[in-house]
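This report refers to the structure that appears directly beneath it.
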Amino acid sequence: MSVVPNSEVQLLGQSNAVQTILSDVDCAARSGAKVLITGETGVGKEVVARLIHLRSARAAGRLVTVNCAGLPDSLLESELFGHVRGSFTGAYRDKPGLLEMAPNGTVFLDEVGEMSTRMQVVLLRFLETGEIQRVGADRSHIRVNVRLITATNRDLPKEIAAGNFREDLFFRLNVIRMHIPPLRERIEDVPLLFDHYLDYYCQQHRVARPQVSPGALDALMAYRWPGNIRELRNVAERLALKSSGQVLRPGDLPTEVVKPADRFEAAAAEGAAAAPSTSSPVEDLTGRMLRHGESFWSVVHPLFMARDLTRDDLRRIIEIGLENTNGNYRLLVALYNMPNEDYKRFLGFLRKHNCHLPFQRFRTIASRAQQTRPVAAAG
Amino acid sequence: MSSEPSAPAQHGTIVVVDDDVSCLVAVEQILRHWGLETRTFRAFEDARAYLAHARPAVVIVDVRLGNYNGLQLIHFSRQHSPETQWLVVSGFDDPVLRNEATKLGAAFLTKPLDLQRLREYLPGGHT
């Protein structure tokens with residue numbers, strides 16, 4: 001199950017797990033009740049939310065997605081509920097909240113487990129009354145008709161036990177629960193998913209579509225995919241970018257996929273030389289973004305701002321990204337799991353801290369490194 | 001107490017789903033005392049598997065079933081067994097969940113159960 005990156009939404013896979021999810025999606029779509037989607041990062045929770053919306057009676061309405069992680073409390077409240085002019089510095093005019101912007105539609109709250117206790121109370125009140133009060137407004141309540149779908153990768157019952165999440169909110173959100181299993185529990189879907197994304201990215205980057213050798217396929221199926229489908233998609237895109245149309249062998253796969261410890265037989269069979277991984281903080285952080293699907297904003301940004309990472313570390317992280325994308329900053333934004341809209345903000349951040357590296361040299365490095373296998377996309 | 005999913009139940013069966021075993025046994029004993037055929041389930045998944053095919057007369061389900069909400073079971077059953085009467089019970093009178101239950105055509109009762117009210121929803125309850 002995954003999203004085709006641009007528009008079309010579909011669940012991909014033939015495993016029993018996917019068939020069960022599809023039938024649960026139909027059930028949830030018919031019902032109109034609140035849905036809580038759980039599962040590890042990168043399993044496709046947002047895709048499932050989209051499918052429920054698209055198959056429901058609200059499909060003609062909008063689906064608005066809000067990521068509750070990474071937004072400070074006050075900003076999240078104003079995003080969801082809107083604010084009135086003058087309610088805080090910078091609130092120059094009245095602004096409607098996202099809950100108002102999806103009349104007869106669906107609001108998808110991702111990472112709902114990250115909400116502060118105060119925001120949980122605000123949400124609890126909204127669920128009870130169906131009314132929204134803009135930040136800074138005395139009253140002027142507006143009633144909205146939206147369906148709420150929420151998702152989290154946290155174990156909420158555990159968070160409830162630890163006092164971090166309200167039990168009453170959990171039961172209100174959790175009317176229909178859908179658990180999306182990690183990719184390693186439906187490994188039989190990997191060939192289909194990999195084929196799909198390789199096709200997609202080869203088309204998108206206009207490179208020849210390589211065949212996948214049986215050894216490479218074995219390696220892909222033996223890997224645990226800690227970052228799930230998002231990681232598989234990233235691997236497919238990186239391979240597409242480097243593709244010269246020749247057969248993909250285990251040695252062409254990223255080292256983390258064909259680690260000697262995990263896949264020594266495949267590596268030995270096709271003569272792949274997987275480099276032992278070093279574990280400097282930079283490698284560790286890029287690994288978390290490339291393999292586990294974590295975002296630059298949550299992995300690197302806070303450490304850099306707290307001065308736990310030096311400017312050189314940040315430059316090295318950007319360098320690794322540019323090496324993977326042939327010097328393309330737009331692809332780097334996606335590679336480090338940031339939404340496309342963050343492109344300007346990301347470049348602004350790099351410029352401000354003097355870490356915006358010129359991309360040209362990565363293009364030449366890429367083509368020099370692959371002189372034996374000329375790459376159409378290198379120029 | 002049987003909990004394995006099996007063949008469809010006959011009409012007239014009362015299904016009780018509660019992960020609190022003391023509540024479950026208490027309700028089961030009362031229902032049996034009233035001469036009603038009863039099946040009980042402690043786990044959401046077992047109840048779900050059973051209700052996917054069965055067409056019981058009444059299902060009494062607790063809202064809080066471990067990680068799940070008992071209301072979810074209604075969705076699995078409603079299409080093929082629309083005549084099943086659902087009684088949703090909860091230790092807390094949450095207006096939001098009460099509203100959800102009502103929208104699904106279920107009755108919402110709070111614990112401790114008022115046996116007279118319970119009886120009204122069961123087969124032969126008005127006689």
Side-chain angles (χ1 to χ4, degrees), chain A residues 16-17 19-21 23-39 52 55-57 113 120-121 123-131 143 145 147-150 152 154-161 165-181, chain B residues 5 17-20 23 41-54 59 61-82 84 86-111:
Chain A
N16 287 339
Q19 299 315 311
T20 308
I21 292 164
S23 100
D24 285 1
V25 161
D26 285 334
C27 186
R30 274 197 306 272
S31 103
K34 285 179 264 303
V35 182
L36 175 68
I37 306 169
T38 59
I52 294 173
R55 294 184 182 187
S56 75
Q120 290 174 36
V121 175
L123 187 59
L124 200 67
R125 197 177 55 214
F126 165 69
L127 292 178
E128 191 157 340
T129 60
E131 292 175 345
R143 278 192 82 83
N145 173 6
R147 179 193 201 174
L148 218 54
I149 300 180
T150 50
T152 182
R154 286 188 184 241
D155 182 351
L156 287 187
K158 220 183 240 173
E159 297 296 328
I160 292 168
F165 203 82
R166 290 185 63 114
E167 192 177 23
D168 45 4
L169 180 59
F170 172 69
F171 278 96
R172 285 182 181 182
L173 297 176
N174 188 37
V175 175
I176 294 184
R177 182 198 191 83
M178 292 186 57
H179 180 71
I180 318 298
Chain B
V17 192
D18 197 327
D19 62 350
D20 178 344
C23 285
F41 296 93
R42 279 186 71 185
F44 176 89
E45 288 300 344
D46 294 338
R48 175 186 175 163
Y50 175 80
L51 290 167
H53 306 289
V59 181
V61 60
D62 193 88
V63 166
R64 301 187 175 197
L65 293 176
N67 285 343
Y68 291 90
N69 188 318
L71 287 169
Q72 185 167 358
L73 290 173
I74 306 180
H75 297 96
F76 296 128
S77 150
R78 212 168 44 163
Q79 276 235 312
H80 71 273
S81 186
T84 299
W86 284 79
L87 303 182
V88 177
V89 295
S90 171
F92 306 86
D93 187 7
D94 185 319
V96 174
L97 292 175
R98 178 185 282 274
N99 187 29
E100 293 271 3
T102 314
K103 273 199 290 191
L104 292 166
F108 189 90
L109 307 177
T110 46
K111 286 181 179 177

Looking at [atom1] of [X] and [atom2] of [Y], how far apart are the two atoms once the value is rounded to the nearest 0.5 Å?
X	Y	atom1	atom2	result
B:Asp94	A:Asp168	CG	CG	7.0 Å
B:Gln72	A:Met178	CD	CE	8.5 Å
A:Arg177	B:Leu71	CZ	CG	14.5 Å
A:Ser31	B:Ile74	OG	CD1	10.0 Å
B:Arg78	A:Arg30	CZ	CZ	8.5 Å

For the residue pair [X] and [Y], what are the closest heavy atoms and their distance?
X	Y	result
A:Phe171	B:Tyr68	CE2-O, 3.9 Å
A:Phe170	B:Asn67	CZ-O, 3.6 Å
A:Cys27	B:Phe76	SG-CD2, 4.0 Å

B:Phe92, part contacting chain A, at a heavy-atom distance under 4.5 Å:
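Interface part for B:Phe92: neither.
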Let me know if B:Arg98 has heavy atoms under 4.5 Å from chain A in its side chain, its backbone, both or neither.
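Looking at B:Arg98, nothing touches chain A.
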Can A:Arg172 and B:Glu100 be counted as an ion pair, charged N to O under 4.0 angstrom?
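Between B:Glu100 and A:Arg172 there is no salt bridge, as every charged N stays at least 4.0 Å from the carboxylate O atoms.
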Which residue out of A:Leu127, A:Leu36, A:Asp24 racks up the most heavy-atom pairs below 4.5 Å with chain B?
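Ranked by contacts with chain B, first place is A:Asp24.
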Is there side-chain contact between A:Val175 and B:Leu97, with at least one heavy-atom pair below 4.5 Å?
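Yes - at least one pair of side-chain heavy atoms lies under 4.5 Å apart.
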